[in-house]
Structures are given as structure tokens and as C-alpha cells.
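Notes to accompany the following structure.
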Amino acid sequence: MSTVRTRFAPSPTGYLHVGGARTALFNWLYARHTGGTFILRIEDTDQARSTEQSVQAIFDALKWLDIDWDEGPFYQSERLNLYNDYIDRLVAQGHAYYCTCTPDEIEAMRERARATGAKPRYDGTCREKGLPLSEGAVVRFKSPVMGTTVIEDVVKGHIVFANDELDDFVLRRSDGMPTYNFAAVVDDVSMEITTIIRGDDHIMNTPKQILLYQALGRPLPVFAHVPMVLGNDRTRMSKRHGATSVTAYRDMGLLPEAFINFLARLGWSYGDQEFFTRQELIEKFSLDRVGKSAGIFDAVKLNALNADHIQAARPADLVRHLKPFLESDGWNTQDEAYIKGVIATLQTRSKTLKEMAMQARFYFETDVAYDEQAAKKFLKPNVLEPLKQLKEQLAALTTFDEKAIEQVFVQLMETFQIKLGKIAQPVRVALTGTSVSPGIFEIITVLGQARVVARLEKALDYIAGR
RNA sequence: GGUCCCAUCGUCUAGCGGUUAGGACACUGGCCUCUCACGCCAGUAACAGGGGUUCGAAUCCCCUUGGGAUCACCA
């Protein structure tokens, strides 16, 4: 009874994008679900494109998503000895050979092949030469010319490849670095990865990797090729699809819980359920409920799901997520109890944290700026008296809670024989500067007596001055 | 072009031989109401096409069409 070991193996050549995040999530969920081990491996064998910033960007994104790993991070660039050991073995056993053909020669080979309508690939010039190791030589895999290689994929099913479609691909470059297909297999073997979950854009690599497993005499892992995430134009997500970096969604005010919920549901389903907490995802995730067809990333639905998560969250848990947005708007965030109250009034009307911060503006401004239209329409002389009395009565309250506040309004409506609507809008403008806000009793309660009285006074002055 | 994958409302999807083809987002109407939201109710909207298999196909097989992926000393 072997335990599950999964890995996420990004290459640090840019930020972590949506597709990568989902691959990481599925691997993580599967490991957590099965009580297995999740490993992080950085595939930085491309010296030219790998950067330190990209590694950091990947860490940042995983941290935001709260996807943690049990082993690693391992860097392929630090495991060269291991790859070389395997190379020696493969060459010694006749599974690989040195090749001294130059890139120009390879290119010429391809041209010739294309011209005759054949497949453009390595023609095997050095395959049987038994060349010794030499400066600048690459190592190629001696790929079988006959037969077939089969993938038994848990999501895609049975996939057959004719071996003559494959060519003698490079295992180690002339600069001594291993290539992706080789390093990935050596690592997956040595790290004892049991289940490889990755995007289905890797299907074409899989037969090569299976051949390598066989040459190495190792048992095959379980393959699960999950469908890709596409942009609105149905092509692979890339820069031109707008925000594809995971952290961009954080900065747009998405909740990590909502984001992983959305990512999980894109390609995986659990009956009709749409909303999942992180814990539910771990409990319910399984590979056999992963679909086969690619899905389009729908930002509108993501926002709706985010709204659901904001609404379902406890205000106290939202505080730390909202604070950065409040701070970037220039507000003081010392008083967390106050922020908690603010959040409670805004949860049902914000789709994102950024939006919530915007809507929270009036709670933090020291001098409320009136929206011209709203002030003109509602702060009129005819409400001067009711407003004045309201201010006085609210100022006189000893227990400033929603119930007491509502009582004040009830009395006011009676004495002036007006409906709540007549007085609520002027008060709303006085307190928030606009005609749109959370419920009037709620905002009075949260703002607190001092702010409310001061703002009503300001409104009275404004009316008097008209 | 070769190879491989995929195909249910606009989008995400349920469905795993017999359903009025369900849900969610979006959209449209209504209710609620102190504004805006939330919530609730209702509605529009899909099995790509053609052949089979079967008493019976969205479900199984084949073909066509469409879309995607991949063809490196990148991962």
C-alpha cells in the first residue's frame, strides 16, 4: 500500500499563471485528500530563461493561495550530478548515445525532410557510431523504431502512440544541462512520484517519458492529464488575455478561497455543488471527477463566486484581507473592531475586496465629500427641522445601538408625519455624501455617535447655507 | 501538414442506455425594500452533423465537421 506522492514542477520563466495554479491546486488537493505528500520542484534547467524573480513570484502566488508543500523546493540546477549518473547508465546500457551533429546540421536535416514531405527529425547519423564523450557533444536517447507506446491516463483513458513518430530526442545539452523530458523523469523517479497530474499540453511528451521509465527499468507512475484552461478566444491562456498572473487576482481583490474554488470547479465537478470551502475541496476532490474537455476562464463567474465567499465569510476573517486595500486608499487601519463593523455592512454588496474598500470610503473620511447631485436633491430646507431633531436625539442617546437608533427614527416619523424614505435619504447623504450605502441604521451604528453627530451638524450648516 | 486530445444552454457543468436533459454564472421579468445590494419567485437558452448498435441513445461504435494541443540542445 504505497502512499500518494504528487509534485508541482513549474519552470521559473515568468509569473505563476492561472493554468499553472490549477495544476498546483489539483496536485495539492489530491495529496491532501489522500493523506499523501506534495512536493515542489523548480525546473530551472533553462539557464537563459530562468530567473530568481520568477521563483519568488511562484512562491508568492502559492503562499497567497495557501498551497503548502511537504518536500522541497528542489532545484533541478542543483541536481546535475544525479542526471549525469543516469546519463552514464543509459549510455553504458546502450539506451543513449553521444551525438556530435551541430545545430546547423540538424536544421539542414529538417529542411531536407520537409522538402521530401517526411517528418522533420533527427536522422540518426550518430546513433550507431558509438561515439565517445567529447566536448560539446549532446546525449540522445536511442528511441525504439518499432512498436507502440501506450498511456493509460486516468482522465483521458487509453492513448496509443506509434514509436516511429518519436525521434532520438536530446537528453543532455551540449552545455551539460539536462533537457526537460529527461530531468523530469529522473526527478520523478528519484522522488518516487506516484501520480503525475499536469496539463494535457504535456500528452505529447508522455510517450518519450514512458520510454525513459522503461529504459531505466522503473515502474510507471499514474498519469492524469487535466484539460487546459483557455482564454475567451478558446486558445491557450497567455499575456494577451489580460490578467493571467495569479497575484493579479489577489491585487484585484479576490479571496484566495474563492480563487481556488473557482479553479477547482474549472475541470472538476461534484454534482451540482458550486461553492466549496478549502476543507470541502480537500474532502471531496478526486481524479475520477475531472472532466476531459478544456474550459474557458470566465472572470465574470469568478467574481460572482468571490462575492459568495465574501458573503459567507466571518467579518473577523475578512479584516486581514481587506486591510491592504484600505491602506492603499490611504485610510488608517488601526481600529480592527471598527473595520469588522464596516465589513459586516458591506459583505452583501461587494464582489471584490477592492470594491469593498471603495464602498467603505465614507467610513474613513474625516470630512465627508458630498456628491453634488445627491446633496442638491436631498439636503433641502424642508428636512432641516427633522434633521436637527434627529441630531439632538441621537446625541442624547446613552446606549447607541441599532435598536435605540431605530426608535429615534420611529418617533421622528411620527412627530413629523413622514415616511422613513423621506428622512433616510437626507441622512444617508449627510453621513456618506452619496445616495447609495448600506442600511441607514447599520451605518449609524457602525460610524458611532461622535461621527454621526458631527456629520449631521455639517449637513445642517450646509442646508442653512443654501 | 503529421500526431494527439476534445465536443450538453453564451460560459462553467450534472448526466455514466429509459430524465419534462438538472444546477450555477450572465441576461430578462416580478416580489421584498430607507438607497444600493442581498434574498426569494419566474422566464429565455444546449445534447455540432450523419450513419450504425439497441425495444430504447446526450450517454456505446464509426465517419464528417469544428475547436484545441504539440511537433526544439523550452519547459
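Per chain, numbering begins at 1; letters A, B, ... match sequence-line order.
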Heavy atoms only, 4.0 Å cut-off, all strands: where does [X] land among base, sugar-phosphate and nothing?
{"X": "Ser293(A)", "value": "sugar-phosphate"}
{"X": "Glu274(A)", "value": "base"}
{"X": "Phe161(A)", "value": "sugar-phosphate"}
{"X": "Cys99(A)", "value": "nothing"}
{"X": "Ile159(A)", "value": "sugar-phosphate"}
{"X": "Gly199(A)", "value": "nothing"}
{"X": "Thr348(A)", "value": "base"}

For nucleotides 66-71 of chain B, give me one character per nucleotide, 5' to 3': B if any protein heavy atom sits under 4.0 Å from the base, S if the only such contacts are to the sugar-phosphate, - if neither. --SBS-

Rounded distance in Å - [atom1] ([X]) to [atom2] ([N]):
{"X": "Gln311(A)", "N": "rC25(B)", "atom1": "CD", "atom2": "C1'", "answer": "15 Å"}
{"X": "Arg41(A)", "N": "rA75(B)", "atom1": "CZ", "atom2": "P", "answer": "12 Å"}
{"X": "Glu355(A)", "N": "rC36(B)", "atom1": "CD", "atom2": "P", "answer": "16 Å"}
{"X": "Ile58(A)", "N": "rA75(B)", "atom1": "CD1", "atom2": "P", "answer": "14 Å"}
{"X": "Lys351(A)", "N": "rC38(B)", "atom1": "NZ", "atom2": "C1'", "answer": "10 Å"}
{"X": "Ile296(A)", "N": "rA7(B)", "atom1": "CD1", "atom2": "P", "answer": "14 Å"}
{"X": "Ile423(A)", "N": "rU33(B)", "atom1": "CD1", "atom2": "P", "answer": "20 Å"}
{"X": "Glu442(A)", "N": "rU35(B)", "atom1": "CD", "atom2": "C1'", "answer": "12 Å"}

Looking only at atom [atom1], what distance separates [N] and [M], rounded to whole Å?
{"N": "rC47(B)", "M": "rU59(B)", "atom1": "C1'", "answer": "10 Å"}
{"N": "rC27(B)", "M": "rG67(B)", "atom1": "C1'", "answer": "26 Å"}
{"N": "rA48(B)", "M": "rU13(B)", "atom1": "P", "answer": "15 Å"}
{"N": "rG50(B)", "M": "rG30(B)", "atom1": "P", "answer": "40 Å"}
{"N": "rA46(B)", "M": "rA7(B)", "atom1": "C1'", "answer": "12 Å"}
{"N": "rA45(B)", "M": "rG10(B)", "atom1": "P", "answer": "11 Å"}
{"N": "rC61(B)", "M": "rC71(B)", "atom1": "C1'", "answer": "30 Å"}

Are [X] and [Y] close enough that their ring centres sit under 6.0 Å apart?
{"X": "Phe275(A)", "Y": "His309(A)", "answer": "yes"}
{"X": "Tyr462(A)", "Y": "Tyr370(A)", "answer": "yes"}
{"X": "Phe26(A)", "Y": "Phe285(A)", "answer": "yes"}
{"X": "Trp268(A)", "Y": "Phe276(A)", "answer": "yes"}
{"X": "Phe262(A)", "Y": "Phe297(A)", "answer": "yes"}

If you check the [X] side chain, which of [options] turns out closest?
{"X": "Val138(A)", "options": "rC73(B), rA24(B), rU35(B)", "result": "rC73(B)"}
{"X": "Val436(A)", "options": "rC36(B), rA14(B), rC73(B)", "result": "rC36(B)"}
{"X": "Arg265(A)", "options": "rA26(B), rA75(B), rU13(B)", "result": "rU13(B)"}
{"X": "Ala424(A)", "options": "rC73(B), rA24(B), rC34(B)", "result": "rC34(B)"}
{"X": "Arg289(A)", "options": "rA75(B), rG2(B), rA14(B)", "result": "rA14(B)"}
{"X": "Asp298(A)", "options": "rU11(B), rA75(B), rU3(B)", "result": "rU11(B)"}
{"X": "Asp272(A)", "options": "rA14(B), rC73(B), rC25(B)", "result": "rA14(B)"}

If you round to the nearest 0.5 Å, how far is NE2 of His225(A) from NZ of Lys292(A)? 14.0 Å

Complement of [N], any strand, by Watson-Crick or G-U distances under 3.5 angstrom:
{"N": "rG18(B)", "value": "rC55(B)"}
{"N": "rA69(B)", "value": "rU3(B)"}
{"N": "rG43(B)", "value": "rC27(B)"}
{"N": "rA48(B)", "value": "rU64(B)"}
{"N": "rU33(B)", "value": "none"}

Distance under 6.0 Å and angle within 45° of the ring axis: does Lys208(A) meet both against Phe169(A)? yes

If you take atom types as modelled and just measure distance, does the side chain of [X] reach the base of [N] with a donor-acceptor pair under 3.5 Å?
{"X": "Ser174(A)", "N": "rC73(B)", "result": "yes"}
{"X": "Lys292(A)", "N": "rC6(B)", "result": "no"}
{"X": "Arg349(A)", "N": "rC38(B)", "result": "no"}

Are there over 12 heavy-atom neighbours, none belonging to Lys458(A), within less than 6.0 Å of that residue's NZ?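 Yes, the 6.0 Å shell around NZ holds more than 12 heavy atoms from other groups.
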
Side-chain donor or acceptor of Gln76(A) paired with backbone N/O of Ile42(A) under 3.5 Å: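 A pair under 3.5 Å: no.
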
Listed once per pair and sorted, the salt bridge (Lys or Arg N to Asp or Glu O under 4.0 Å) pairs that draw on residues 136-148 of chain A, sequence neighbours left out: Glu128(A)-Lys142(A)

Starting at the 5' end of RNA chain B and moving along, which residue's nearest nucleotide shows up first, Val155(A) or Phe441(A)?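 Closer to the 5' end of RNA chain B: Val155(A).
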
Which sits closer to the 5' end of RNA chain B, Lys301(A) or Ser269(A), going by the nucleotide each is nearest to?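 Closer to the 5' end of RNA chain B: Ser269(A).
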
Is the distance from OP1 or OP2 of rA75(B) to the nearest side-chain N or O of Thr45(A) less than 4.0 Å? yes

Would you say Thr179(A) places a side-chain N or O within less than 4.0 Å of OP1 or OP2 belonging to rC73(B)? no

Using a strict cut-off of less than 4.0 Å between a Lys/Arg side-chain nitrogen and an Asp/Glu carboxylate oxygen, indicate whether Lys284(A) and Glu280(A) qualify as a salt bridge.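 Answer for the salt bridge query: yes.
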
